[in-house]
Colleague: 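My structure is below; once you've seen it, I'll send some questions.
Residue numbers start from 1 in every chain, and the chains themselves are labelled A, B, ... in the order their sequence lines are given, proteins ahead of strands. Being a predicted model, the structure only gives us computed values, none of them experimental. These values consider heavy atoms only, across backbone and side chains, with no hydrogens, waters or symmetry-generated copies.
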There are 2 protein chains.
Amino acid sequence: MEITFKAINDPTRREILVFLIGGAQNAGEIAKQFSMSKPSISHHLDLLKQGNLILAEKKGQYIIYSLNRSGFELVHGWFQGFAHYFEFPKPKIRL
Amino acid sequence: MEITFKAINDPTRREILVFLIGGAQNAGEIAKQFSMSKPSISHHLDLLKQGNLILAEKKGQYIIYSLNRSGFELVHGWFQGFAHYFEFPKPKIRL
DNA sequence: TAAATATTTAGACATTCGTTTAAATATTTA
DNA sequence: TAAATATTTAAACGAATGTCTAAATATTTA
């Protein structure tokens, strides 16, 4: 939970996630999208993986990253608790 | 966007949000829930407010905080892009 | 008006974070 | 096997973050 929210907190990591909506990509292709060193992107990918937001699959010398449903479900589930609040607002405290 | 994700990133701030599902509360009552100084909680409330996740309304010497729909909608909207990718089951209650 | 209460603001400090360059590991190709 | 390619790991460093205590601001009450 903690690590998943942390992973989503960074703008570069969110951009990586959005980029992967277009389909799985290897680390090099992902890095090309950003004006940032490859080690930095590698670090971001690691955090996204820790947060279960992406999956990594080794294919030869490449590592192919794709979106991982489980991290998104975790966050989505957390937000569901608030969905109820906004649909049925609790009365405010005494005025 | 950036500030909203940042606000959600901290565990204490997420606990405050969950606490406010139970209804609006003043700063002192919120602070009582945590083993942390009042200035720290005040700082967290400020960040949540900046992220449009809570509203602050002054009532006499108290400041009453309540959940703010707009920040939640922002984040929810961002996640919707992934919902299509994963084909999440549609929630029964709209956020 | 003075004291009490509620909350924030300011300043300090240790920890975490994001980035870089250099080096290491793994795989493919010549 | 050696060189080239893909990616990560390590080490360093400035910036951002979360926390605290002390002081300031605003409001209510005696």
Colleague: Specify the separation, in whole Å, of atom CD of B:Glu2 and atom P of D:dT17.
Modeller: 9 Å

Colleague: Which of residues 29-43 of chain B sit near DNA chain D, with a heavy atom under 4.0 Å from it?
Modeller: B:Met36, B:Ser37, B:Pro39, B:Ser40, B:His43

Colleague: Enumerate the salt bridge (charged side-chain N to carboxylate O under 4.0 Å, His left out) contacts for residues 25-36 of chain B, please, sequence neighbours excluded, ordered by first and then second residue.
Modeller: B:Glu29-B:Lys32

Colleague: Is A:Ile64 linked to A:Leu67 within one hydrophobic cluster, defined over Ile, Leu, Val, Met, Phe, Trp and Tyr using a side-chain heavy-atom separation of less than 4.5 Å?
Modeller: no

Colleague: Report the secondary structure of DNA chain D in dot-bracket form, marking unpaired bases with a dot and bases paired to a different strand with |, and treating Watson-Crick or G-U pairs with both distances under 3.5 Å as paired.
Modeller: ||||||||||||||||||||||||||||||

Colleague: Rounding to an integer number of Å, can you tell me how far A:Leu47 CG sits from D:dT9 C1'?
Modeller: 14 Å

Colleague: Under the rule for side-chain contact (heavy atoms from CB on, under 4.5 Å), what residues qualify as partners of A:Gln33, not counting sequence neighbours?
Modeller: A:Phe19

Colleague: Output the residues of residues 7-26 of chain A in contact with DNA chain D, where contact means a heavy atom of the residue under 4.0 Å from an atom of the strand; sort by number or write none.
Modeller: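 Here the set is A:Asn26.
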
Colleague: Can you tell me the distance, in whole Å, between the CG atom of A:Leu45 and the C1' atom of C:dT19?
Modeller: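 Distance check: A:Leu45 CG to C:dT19 C1' gives 15 Å.
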
Colleague: For a quick test of your reading: what N or O donor-acceptor pairs under 3.5 Å do the side chains of residues 7-14 of chain B make, sequence neighbours left out?
Modeller:
from, atom 1, to, atom 2, distance (Å)
B:Asn9, OD1, A:Lys6, N, 3.2
B:Asp10, OD2, B:Thr12, N, 2.9
B:Asp10, OD2, B:Arg13, N, 3.1
B:Arg13, NE, B:Ala7, O, 2.8
B:Arg13, NH1, B:His44, ND1, 3.0
B:Arg13, NH2, B:Lys6, O, 3.1
B:Arg14, NH1, B:Ile8, O, 3.0
B:Arg14, NH1, B:Asn9, O, 2.8
B:Arg14, NH2, A:Glu2, OE1, 2.8

Colleague: Which whole-number value in Å describes the distance from A:Gln50 CD to C:dG18 P?
Modeller: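 So the two atoms are 12 Å apart, to the nearest Å.
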
Colleague: Could you give the CG-to-P distance, from A:Leu48 to D:dT8, as a whole number of Å?
Modeller: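 So the two atoms are 12 Å apart, to the nearest Å.
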
Colleague: Who pairs with A:Ser42 by side-chain hydrogen bond (donor to acceptor under 3.5 Å, both in side chains), at least two apart in sequence or on another chain?
Modeller: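 If we apply the side-chain hydrogen bond (donor to acceptor under 3.5 Å, both in side chains) test to A:Ser42, skipping adjacent residues, there are no hits.
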
Colleague: Please state how far atom NZ in A:Lys6 lies from atom P in D:dA16, giving the value in whole angstrom units.
Modeller: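 Those two atoms, NZ and P, are 17 Å apart.
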
Colleague: Where do A:Val75 and A:Thr4 come nearest, in terms of heavy atoms and distance?
Modeller: CG2-CG2, 3.6 Å

Colleague: How close do A:Ile41 and A:Met36 get, counting heavy atoms only, and between which atoms?
Modeller: CD1-SD, 4.0 Å

Colleague: What residues form a side-chain contact (heavy atoms from CB on, under 4.5 Å) with A:Gln50, not counting sequence neighbours?
Modeller: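 In terms of side-chain contact (heavy atoms from CB on, under 4.5 Å), with neighbours along the sequence ignored, A:Gln50 is linked to A:Ile3, A:Asp46, A:Leu47.
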
Colleague: Who passes salt bridge (Lys or Arg N to Asp or Glu O under 4.0 Å) against B:Lys38, sequence neighbours left out?
Modeller: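 By the salt bridge (Lys or Arg N to Asp or Glu O under 4.0 Å) rule, B:Lys38 matches no residue at all.
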
Colleague: Calculate the interatomic distance between B:His44 atom NE2 and D:dG18 atom P; express it in whole Å.
Modeller: 6 Å

Colleague: Classify the ring geometry of A:Phe79 against A:Phe5: parallel below 30°, tilted from 30° to 60°, perpendicular beyond 60°.
Modeller: tilted

Colleague: For A:Glu73, give me all partners under salt bridge (Lys or Arg N to Asp or Glu O under 4.0 Å), at least two apart in sequence or on another chain.
Modeller: A:Arg69

Colleague: How about B:Tyr85 and A:Leu20: do any of their side-chain heavy atoms sit closer than 4.5 Å?
Modeller: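 Of all side-chain heavy-atom pairs linking A:Leu20 with B:Tyr85, none is under 4.5 Å.
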
Colleague: Between N or O atoms, less than 3.5 Å apart, protein on one side and nucleotides 25-29 of chain D on the other: list the pairs.
Modeller:
from, atom 1, to, atom 2, distance (Å)
D:dA26, O3', B:Lys58, NZ, 3.4
D:dT27, O3', B:Gln61, N, 3.4

Colleague: Name the atoms and distances for all side-chain donor-acceptor pairs under 3.5 Å in residues 55-63 of chain A, with sequence neighbours left out.
Modeller:
none

